[in-house]
Amino acid sequence: MTTSLVKEGFSKKSISTTTSSTLAEQSSAIQDAVVKTMSSSSSKSSSSESMTLIVAPVPEDTTTDIHFGDFLSRPYPDSTSTASQSQETVQALNRLSDVLQLAKQSGMHVVLISNSIPDVTPDLFVRMSSASAIGKMQARNLVEKLRLDSATSSHPRVIEVLLPQTQSEDIDKAVFSGIWSVLKPYFTSGKAVSASKTLTSSTTDDDWKSVSFDAKNASAAGDEIYRRLHHDDSDSAGVATPRIDGIVASNDYVASGVVKKLTKMGYTGSAAQINPSITVSGIVEGIIGKRDLQRSPVPDPSDAPTDESTEENDSQWPIITGYGANVSTLPSVVNGHLWMTTVEDRGSAATLLAQACARMDRGGKPSSVEGVDSGNYYDSKVPTIDAGLVAVSATNLKAALIDPGYVSLADAGL
């Protein structure tokens, strides 16, 4: 954001930043900054109109950060819904609400990022990831890579969904709702099945607990996928590599545990083999710029052999999806063990945000900036930037993460 603001003409010395670990700390820091600016403006007979506050409110519950990062949107409930909030949080929320309203009344511009604050209508809202969008993105990429539209009930794809439990059931349910909104038609038609039977044609959004588990550490995810593939009522119990075509791991933290466990279980190959024209070596060469990648459709499942699956086919590495683009998991993306991860388009959001701030600083409206749309904000419509999610696989890792400077070749294991 700072880099983008400087590019738009703001001097670096005019940009000050502060971070807080709690909403109480943050609301106090913002209150001090607003009061100081208003006092300075008054003493110099100047205006506060040149001041813009860009605030990413600290969420009440940060326990989900380990699974879905600190960009996940977690709007605060309406001020009348305080039963589930601590007294400290209520006081901090009221303080922040009051000071942001005061700032607007004094002529300052207020921009909120990711988390909305009730009773405060910002001049601009930057919407980041929603739990539902995270789930939906992974499911869509799984569907596309496995060509589920071409699958048949006689040759269904075997899919598992791993949902790590957070301390927010609302978030857990929303992630699953996004996943299931995409996968449900395929389970209903019989084109997809669950090895563990945790998902069936009659599964609904309310059945999210059937696929959730306590992901207290990465190895717990590995234990969970092993249990799913070797469930007690299966004739294949004890077989090292029962067939699995796709795994929605929900995030990179879970995916890393799954990758390690599948390797120990004897699964071989990579996701690249599902598209024969792309090899792991070809992916690596494409990332470091030696040659362009060639893409072709995934083989139609209807062309698969009609006899029983062989042990070799059963040990084929599945498609695994995650979220977060964690540096530690990028080598798994490169070698094809993690088919895709997901990241917020932070660079584009920062660019639009800087352009909107520059427009407001000149007396214009942020809505006049291309890419800033009108979005829902509680009961209001406000100028909104949607950061959006970017699916990252080995085929676009260079363009999506390395070229923009998010990570280096060394980070990606290259």
Side-chain angles (χ1 to χ4, degrees), residues 1-7 65-71 128-129 134 137-138 140-142 144-145 218 221-222 247 249-264 267-296 298 317-352 354 387-414:
M1 284 169 42
T2 298
T3 300
S4 296
L5 288 168
V6 171
K7 286 182 179 179
D65 286 0
I66 190 173
H67 292 298
F68 299 108
D70 52 4
F71 288 106
M128 302 299 284
S129 304
I134 290 172
M137 170 71 85
Q138 293 184 59
R140 284 175 175 168
N141 276 269
L142 185 76
E144 180 180 348
K145 181 63 173 174
I247 301 171
S250 293
N251 60 51
D252 291 357
Y253 178 75
V254 172
S256 64
V258 170
V259 168
K260 290 179 181 177
K261 192 67 172 184
L262 293 183
T263 300
K264 290 181 179 179
Y267 287 89
T268 59
S270 74
Q273 291 178 285
I274 295 179
N275 190 333
S277 68
I278 298 179
T279 62
V280 171
S281 61
I283 288 173
V284 173
E285 289 176 356
I287 289 177
I288 61 179
K290 288 187 177 179
R291 71 180 184 84
D292 294 330
L293 293 173
Q294 300 298 319
R295 307 186 188 192
S296 67
V298 177
W317 194 271
I319 300 301
I320 304 174
T321 68
Y323 166 83
N326 295 332
V327 172
S328 62
T329 60
L330 292 183
S332 291
V333 175
V334 173
N335 67 29
H337 280 175
L338 178 59
W339 164 241
M340 60 81 63
T341 183
T342 317
V343 66
E344 294 85 358
D345 192 359
R346 302 194 293 272
S348 296
T351 297
L352 284 175
L389 292 169
V390 177
V392 181
S393 66
T395 57
N396 72 334
L397 187 147
K398 183 175 184 293
L401 297 182
I402 296 175
D403 290 347
Y406 289 128
V407 300
S408 66
L409 285 170
D411 291 331
L414 297 169

dist M340:CE -> D252:CG (nearest 0.5 Å) comes out at 9.0 Å
For the residue pair L401 and L330, establish whether any side-chain heavy-atom pair is separated by less than 4.5 Å. yes
If you look at every heavy atom in P404 and K398, which pair is closest and at what distance? CD-O, 4.1 Å
Rounded distance (nearest 0.5 Å) linking atom OG of S270 with atom CG of L338: 11.5 Å
What is the distance from atom CD of Q138 to atom CD1 of I320, rounded to the nearest 0.5 Å? 11.5 Å
Is there a side-chain contact (heavy atoms from CB on, under 4.5 Å) between I247 and I319 once you walk through the steps? CA-CA 6 Å; I247 301 171; I319 300 301; over 6 Å; no
On a heavy-atom basis, the closest approach of G269 and H337 is O-NE2, 3.4 Å
Shortest non-hydrogen pair, S250 vs I134, comes out as O-CG2, 4.2 Å
Just verifying a value: how many Å separate M1 CE and R346 CZ, rounded to the nearest 0.5 Å? 12.5 Å
Could you give me the CA-CA distance, side-chain angles and deciding distance for N141 and T321, then say whether side chain to side chain donor-acceptor pair (under 3.5 Å) is met? CA-CA 8 Å; N141 276 269; T321 68; over 6 Å; no
Would you name the heavy atoms of Y406 and A400 that are closest together and state the gap between them? CD1-O, 3.5 Å
In terms of ring plane angle, is the pair Y267 and W317 parallel, tilted or perpendicular, where the classes change at 30° and 60°? perpendicular
Are Y323 and L389 packed together at the side-chain level, in the sense that at least one heavy-atom pair is separated by less than 4.5 angstrom? yes
Between the main-chain N or O of G388 and the side-chain N or O of D345, is there a donor-acceptor pair closer than 3.5 Å? no
Could you tell me whether the side chain of N251 and the main chain of Y253 form a donor-acceptor pair under 3.5 Å? yes
For L262 against P318, the heavy-atom pair lying closest together: CD1-CG, 3.7 Å
Donor-acceptor pair, T342 side chain versus G322 backbone, under 3.5 Å? yes
Considering all heavy atoms, the nearest T341-G324 contact: OG1-N, 3.4 Å
